[in-house]
Amino acid sequence: MPTADATPSPLRGKLPGLLLIAPALLAIALLYVVPLARSVIFAFLDQDGGLTTAHLRTAIELYGRDIVFTVLVALASLALISVVSIAIAGYLTLGATPWAVTALRWLYRWPLFIPFIVAGQTARSFLARNGLMNSLLIDSGLMDQATAQSLLDWRGLVLTFAWKQVPFVTLLLAGAMASVDRSTVEAARNMGAGRLRCLIEILLPQVRGTLLVGLILSLVTIMSVLSVPMMVIAGNPTMMTSMMAHRVTYYGDYAVANALGLFSYLITAVAAYAYLRMTLNQHNEGAR
């Protein structure tokens with residue numbers, strides 16, 4: 001009587017797990033992969049379906065300043081996010097005043113729960129020439145009314161993006177710093193090192209991967225937000241997201257909008273590549 005093959009199929013043990021993640025994979029494919037592929041393909045197709053680079057040339061000719069402006073605003077925002085997040089997370093980890101640490105831990109998270117459209121409107125009301133910030137400075141005697149100026153330009157964008165993303169990066173950094181072995185910090189303090197030196201030379205090197213992850217996620221957010229640049233900046237140059245929306249809304253030109261989107265993809269892809277290279281180098285060093 002023939003006996004059945006008792007060797008289990010490699011796929012049989014993985015099938016339940018594949019079925020569990022299938023809905024998530026399908027959602028990622030439909031909501032992210034398919035739109036990404038469509039935007040890349042249609043950026044290089046003309047009206048007759050042939051390949052062309054005319055849309056890319058048009059995007060560069062008309063919106064080259066906006067592309068450069070977007071990159072510079074993103075870099076300035078990430079720099080400010082890094083400095084403020086490191087300072088807050090470092091004080092939460094190394095601070096010696098309990099009430100100050102508690103108050104800071106309670107206050108810095110508030111922007112996490114505020115939508116970007118509300119953040120944009122708040123920045124518009126706060127940073128305008130006759131906004132709340134200048135009014136407070138004038139009333140307190142720190143500024144003359146004739147010298148008041150509006151910050152509704154690249155400075156307003158940088159401040160708004162930083163204000164919104166600092167709590168997110170700080171949460172990641174504070175959690176990573178809290179998991180670092182405290183004995184190294186205590187040993188450095190016993191040798192006379194100050195808190196700032198412990199933060200820069202001991203804590204930061206051990207959490208730089210976490211910091212980079214937070215900055216990459218913040219970069220993706222900055223490159224995708226539409227409400228803040230539209231509400232903070234009224235003229236040109238402005239962020240690429242505003243120009244993509246303008247191209248679609250007023251001209252119905254999805255091809256040039258897709259071409260502008262390619263530059264956003266390239267910027268985020270460079271950041272992701274840098275993170276992957278750093279992760280692989282750390283992994284190879286650890287394996288040695």
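When a residue number appears, it is its place in the shown sequence, counting from 1.
Leu276 and Ile267 fall within the same hydrophobic cluster, defined by Ile, Leu, Val, Met, Phe, Trp and Tyr side-chain heavy atoms under 4.5 Å apart, directly or through other members. Hydrophobic clustering keeps Val83 apart from Leu215 (ILVMFWY residues linked when any side-chain heavy atoms are closer than 4.5 Å, directly or through intermediates). With hydrophobic clusters built from ILVMFWY side chains whose heavy atoms lie under 4.5 angstrom apart, Leu18 does not share a cluster with Leu20. In the hydrophobic clustering of this structure, Leu211 groups with Leu112; members are Ile, Leu, Val, Met, Phe, Trp, Tyr whose side-chain heavy atoms approach within less than 4.5 Å, directly or through other members. Grouping the Ile, Leu, Val, Met, Phe, Trp and Tyr side chains by contacts below 4.5 angstrom, directly or via other members, places Ile216 with Val213.
Among the candidates Leu172, Thr170, Leu171, Val166, the single residue satisfying the side chain to side chain contact (heavy atoms under 4.5 Å, CB included) test with Phe168 is Leu172.
With rounding to the nearest 0.5 angstrom, the CG atom of Leu56 is 8.5 Å from the OG1 atom of Thr52. Rounding to the nearest 0.5 Å gives a distance of 9.0 Å between CZ of Phe69 and CH2 of Trp154. If you take CD1 on Ile67 and CG on Leu260, they are separated by 5.5 Å, rounding to the nearest 0.5 Å. A distance of 13.5 Å separates CD1 in Ile60 from NE2 in His55, rounded to the nearest 0.5 Å. Put simply, OH on Tyr91 and CG on Leu196 are 13.5 Å apart, with the number rounded to the nearest 0.5 Å. Here the CD1-CG distance, from Ile41 to Leu45, works out to 7.0 Å after rounding to the nearest 0.5 Å.
Residue Ser218 comes nearest to Ile81 through the heavy atom pair CB-CD1, 4.4 Å, listed as atom of the first residue, atom of the second, then distance. Shown here for Val232 and Gly120, the closest heavy-atom pair between the two residues is CG2-O, 4.2 Å. Minimum interatomic distance between Ala59 and Phe263 (heavy atoms only, all atoms of both residues): CB-CE1, 4.3 Å. Across Ile138 and Ala148, no two heavy atoms sit closer than the pair CD1-CB, 4.3 Å. Taking both residues in full, the closest heavy atoms of Gly156 and Thr160 are given as O-OG1, 2.7 Å, listed atom of the first, atom of the second, then distance. For the pair Ala245 and Leu226, the tightest heavy-atom approach, listed with the atom from each and the gap, is CB-CD1, 3.8 Å.
Grouping Ile, Leu, Val, Met, Phe, Trp and Tyr residues whose side-chain heavy atoms lie under 4.5 Å apart, directly or via other members, leaves Tyr273 alone, with no other cluster members. Other members of the cluster containing Val68 are Leu72, with ILVMFWY side chains joined at under 4.5 Å, either directly or via other members. With a 4.5 Å cut-off between side-chain heavy atoms of Ile, Leu, Val, Met, Phe, Trp and Tyr, the cluster of Tyr251 takes in Tyr250. Through chains of ILVMFWY side-chain contacts below 4.5 Å, Val118 is grouped with Ile114, Ile117, Trp163, Met231.
Using a 4.5 Å heavy-atom threshold, the side chains of Met223 and Met240 count as touching. By the 4.5 Å heavy-atom criterion applied to side chains, Met133 and Leu151 are counted as neighbours. Within the 4.5 Å cutoff, the side chain of Met239 has heavy atoms near those of the Ile222 side chain. A heavy-atom distance below 4.5 Å is found between the side chains of Arg155 and Gln149. Under the 4.5 Å side-chain criterion, counting only non-hydrogen atoms from C-beta, Val225 is not in contact with Thr241.
One side chain, Tyr265 or Ser39, offers a donor N or O that lies under 3.5 Å from an acceptor on the other. Between the side chains of Thr238 and Asn236, no donor-acceptor pair is found at a separation under 3.5 Å.
Listed by chain and residue number, nothing satisfies the side-chain hydrogen bond (donor to acceptor under 3.5 Å, both in side chains) test with Ser264 (two or more places apart in sequence, or in another chain). Residues that satisfy the side chain to side chain contact (heavy atoms under 4.5 Å, CB included) test with Leu94, not counting sequence neighbours, are Arg182, Val185, Arg195, Cys198, Leu199, Leu203. Every residue was checked against the side chain to side chain contact (heavy atoms under 4.5 Å, CB included) condition with Thr102, not counting sequence neighbours, and none meets it. For Arg38, there are no side-chain hydrogen bond (donor to acceptor under 3.5 Å, both in side chains) partners at least two apart in sequence or on another chain. Remark: Asp253 engages Arg247 in a side-chain hydrogen bond (donor to acceptor under 3.5 Å, both in side chains) (not counting sequence neighbours). By the side-chain hydrogen bond (donor to acceptor under 3.5 Å, both in side chains) test, Tyr275 is found to be paired with no residue, residues two or more places apart in sequence or in another chain being considered. Under the side chain to side chain contact (heavy atoms under 4.5 Å, CB included) criterion, Ala128 pairs with Leu152, not counting sequence neighbours.
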Could you check Val71 against Leu75 for side chain to side chain contact (heavy atoms under 4.5 Å, CB included), going step by step and ending with a plain yes or no?
CA-CA 6 Å; Val71 173; Leu75 292 177; 4.0 Å; yes
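At distances below 3.5 Å, at least one donor-acceptor pair connects side-chain atoms of Ser224 with backbone N or O atoms of Thr221. Not a single donor-acceptor pair under 3.5 Å links the side chain of Thr147 to the backbone N or O of Met143. No side-chain donor-acceptor contact under 3.5 Å links Thr249 to the backbone of His246. Side-chain atoms of Lys164 come within 3.5 Å of backbone atoms of Pro111 as a donor-acceptor pair (strictly under, hydrogens ignored). For Asn134 (side chain) and Arg129 (main-chain N/O), a donor-acceptor pair under 3.5 Å exists by modelled atom type.
Annotation: side-chain hydrogen bond (donor to acceptor under 3.5 Å, both in side chains) contacts involving residues 65-83, sequence neighbours excluded, are absent.
Surrounding CD of Gln206 are more than 12 heavy atoms belonging to other residues, nucleotides or ligands, all under 6.0 Å away.
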